[in-house]
S.K.: 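Dropping a structure here in structure tokens format, bear with me for questions.
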Amino acid sequence: SGQPASQTGNIFQVTRWFDQDDPSRLGDIEMLPLILIRYPLQICPKPIAIEVATVGGTTVLPTENNFLVYDPTQGFACVNAQQIRRCQDYKVRFTCPMRFCQCTRWFDYDNPDGGGDSELLADLLNIYPGQICPNPIDIDVEPVSGIPSNKTFFYIVYNSTTGFECINSNQRGVCDDYKVRFTCPEEWCSSKCQY
Ligand SMILES: *[C@@H]1O[C@H](CO)[C@@H](O)[C@H](O)[C@H]1NC(C)=O
Ligand SMILES: *[C@@H]1O[C@H](CO)[C@@H](O)[C@H](O)[C@H]1NC(C)=O
């Protein structure tokens, strides 16, 4: 997902997965209007497709069950009262007739040999001026090695407005060396990126 438009040959873009509700007595509700309110820059108002999966990653087709709502323009709703078994915890993603961008590369300015590994946005903006937008809408964090870590890390900060920070004294062992990547608003990208 998330390939730049020129690489996919079209102008559609798949959003990230959203999981804003947990199964309750009522069910699991992942409706578009609420997702739009919570994540206005990460999704478009008029998606053209929706995909639904369990949070574990199993795709769920509209025909599989008696779902109340399964519609790109409305979202998804599973209501326990209509199910044989209780609703699971679902995530949804949409295809938008527009593109977002993730045109910044991975950044890694700190190493975990001091107190921990800091990859803070304010520092990155100073060190790499013009290469990251000041107002990212999403952040990805991965070990520099590219190998998924087998450690559970306890982070101090992990959000797109502040960045990422892992402190050794909070860990069993030391933090991995992490790299971060930001997703920026389309307006910023189109002025900066070569798609
Ligand atoms: C995690 O990876 C490290 C380094 O590769 C290894 O030494 C350690 O045994 C692994 N721990 C687990 C629980 O797999
Ligand atoms: C990001 O984390 C910082 C530091 O913990 C916090 O002050 C800020 O409110 C957080 N922002 C969001 C959008 O959660």
S.K.: Can a donor-acceptor pair be found, under 3.5 Å and without considering hydrogens, that links the side chain of N80 to the backbone of C87?
M.R.: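 Indeed, once roles are kept as given, a pair shorter than 3.5 Å links the two residues.
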S.K.: Sub-3.5 Å donor-acceptor pair from the side chain of D28 to the main-chain atoms of Y90, do we have one?
M.R.: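 Between the backbone of Y90 and the side chain of D28 there is a qualifying donor-acceptor contact (under 3.5 Å).
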S.K.: Within the distance-only criterion (no hydrogens, no angle test), does the side chain of N159 pair as donor or acceptor with the backbone N or O of T161 below 3.5 angstrom?
M.R.: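 Confirmed, N159 side chain pairs with T161 backbone.
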S.K.: Identify the two heavy atoms, one from S160 and one from F182, that lie closest to each other, and give their separation to 0.1 Å.
M.R.: O-CE2, 4.1 Å
S.K.: Are the side chain of Q74 and the backbone N or O of D71 linked by a donor-acceptor pair below 3.5 Å?
M.R.: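 Checking the backbone N and O of D71 against the side chain of Q74, no donor-acceptor pair under 3.5 Å is found.
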S.K.: Determine, stepwise, if the pair Y109 / S118 fulfils side-chain contact (heavy atoms from CB on, under 4.5 Å).
M.R.: CA-CA 8 Å; Y109 76 83; S118 295; 3.7 Å; yes
S.K.: Name the orientation class of the two ring planes belonging to Y128 and F107 (parallel below 30°, tilted from 30 to 60°, perpendicular beyond 60°).
M.R.: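 Rings of Y128 and F107: tilted, as their planes differ by 30° to 60°.
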S.K.: Taking D21 for the side chain and I29 for the main chain, is one N or O donor matched with an acceptor at less than 3.5 Å?
M.R.: yes
S.K.: Is a side-chain donor or acceptor of E142 paired with a backbone partner of Y178 at a separation under 3.5 angstrom?
M.R.: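 Side chain of E142 to backbone of Y178, a donor-acceptor pair under 3.5 Å: no, none is there.
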S.K.: Pick one: which of V92, L61, V14 meets side chain to side chain contact (heavy atoms under 4.5 Å, CB included) with E51?
M.R.: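 For E51, the side chain to side chain contact (heavy atoms under 4.5 Å, CB included) check succeeds only for V14.
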S.K.: Does any part of the side chain of F67, heavy atoms only, come nearer than 4.5 Å to the side chain of Q82, both counted from C-beta?
M.R.: no
S.K.: Going by heavy atoms in the side chains, are Y70 and V52 under 4.5 Å from each other?
M.R.: yes
S.K.: Between T15 and C96, is the side-chain contact (heavy atoms from CB on, under 4.5 Å) condition met? List the steps.
M.R.: CA-CA 7 Å; T15 68; C96 290; 3.8 Å; yes
S.K.: Would you say the side-chain atoms of D117 pair up with the backbone N or O of C175, donor to acceptor, closer than 3.5 Å?
M.R.: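 Not at all, since once roles are kept as given, no pair shorter than 3.5 Å links the two residues.
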S.K.: Given 3.5 Å as the limit, does a donor-acceptor pair link the side chain of R86 with the main chain of V79, or not?
M.R.: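 Absent.
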S.K.: If every non-hydrogen atom of C133 is compared with every non-hydrogen atom of L125, which pair is closest and at what distance?
M.R.: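 Between these two residues, the closest heavy atoms are O-CD2, 3.9 Å.
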S.K.: Where is the tightest heavy-atom contact between K179 and P143, given as atom of each residue plus distance?
M.R.: CE-O, 3.7 Å
S.K.: To the nearest 0.5 Å, how far apart are CD1 in I139 and CZ in F164?
M.R.: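 The CD1 atom of I139 sits 8.0 Å away from the CZ atom of F164.
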S.K.: How long is the straight-line distance from CG of D138 back to SG of C184, given to the nearest 0.5 Å?
M.R.: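 One finds 10.0 Å between SG of C184 and CG of D138.
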S.K.: With a 4.5 Å heavy-atom cut-off, do Q20 and E30 have their side chains touching?
M.R.: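 Q20 vs E30: side chains touch.
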S.K.: Should V144 and V141 be counted in the same cluster of Ile, Leu, Val, Met, Phe, Trp and Tyr side chains packed under 4.5 Å apart?
M.R.: no
S.K.: Sub-3.5 Å donor-acceptor pair from the side chain of D19 to the main-chain atoms of K91, do we have one?
M.R.: no
S.K.: To the nearest 0.5 angstrom, please state how far the OG1 atom of T95 sits from the CD1 atom of I48.
M.R.: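 Between T95 OG1 and I48 CD1, I get 6.0 Å after rounding to 0.5 Å.
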S.K.: Say you draw a straight line from OG1 of T183 to CZ of R181; how long is it, rounded to the nearest 0.5 Å?
M.R.: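 Nearest 0.5 Å value for the OG1-CZ distance: 7.0 Å.
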S.K.: Testing the basics here: between T73 and P47, what is the closest heavy-atom pair and its distance to 0.1 Å?
M.R.: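 In this case the closest contact between T73 and P47 is CG2-O, 4.3 Å.
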S.K.: For a quick test of reading the model, state the closest non-hydrogen atom pair linking V69 to G75 and the distance between them.
M.R.: CG1-O, 3.4 Å
S.K.: Please check: side-chain N/O of E165 versus main-chain N/O of Y158, any donor-acceptor pairing under 3.5 Å?
M.R.: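 Looks like no, no N/O pair under 3.5 Å.
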S.K.: With a 3.5 Å cut-off and no angle check, do the side chains of T54 and Q88 form a donor-acceptor pair?
M.R.: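 The answer is no; no qualifying pair exists.
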S.K.: Which heavy atom in D110 sits nearest to a heavy atom in D177, and how many Å separate them?
M.R.: O-OD1, 3.0 Å
S.K.: What's the separation between atom CD1 in I37 and atom CG in L32, rounded to the nearest 0.5 Å?
M.R.: 10.0 Å
S.K.: Please say whether the positively charged group of R38, taken as NZ for Lys or CZ for Arg, lies over the ring of F18, i.e. under 6.0 angstrom from the six-membered ring centre and within 45 degrees of the axis.
M.R.: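 The answer is no; the distance or angle limit is not met.
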S.K.: Within a strict 4.5 Å, meaning less than it, do heavy atoms of the L121 and I132 side chains meet?
M.R.: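 SC-SC contact between L121 and I132 confirmed.
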S.K.: Under 4.5 Å between side-chain heavy atoms, hopping through other hydrophobics if needed: is there a path connecting L34 to L68?
M.R.: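 No, L34 does not connect to L68 through the hydrophobic network.
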S.K.: About how many Å separate OG1 of T162 and CD of E119, when rounded to the nearest 0.5 Å?
M.R.: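 Interatomic distance, E119 CD to T162 OG1, rounded to 0.5 Å: 14.0 Å.
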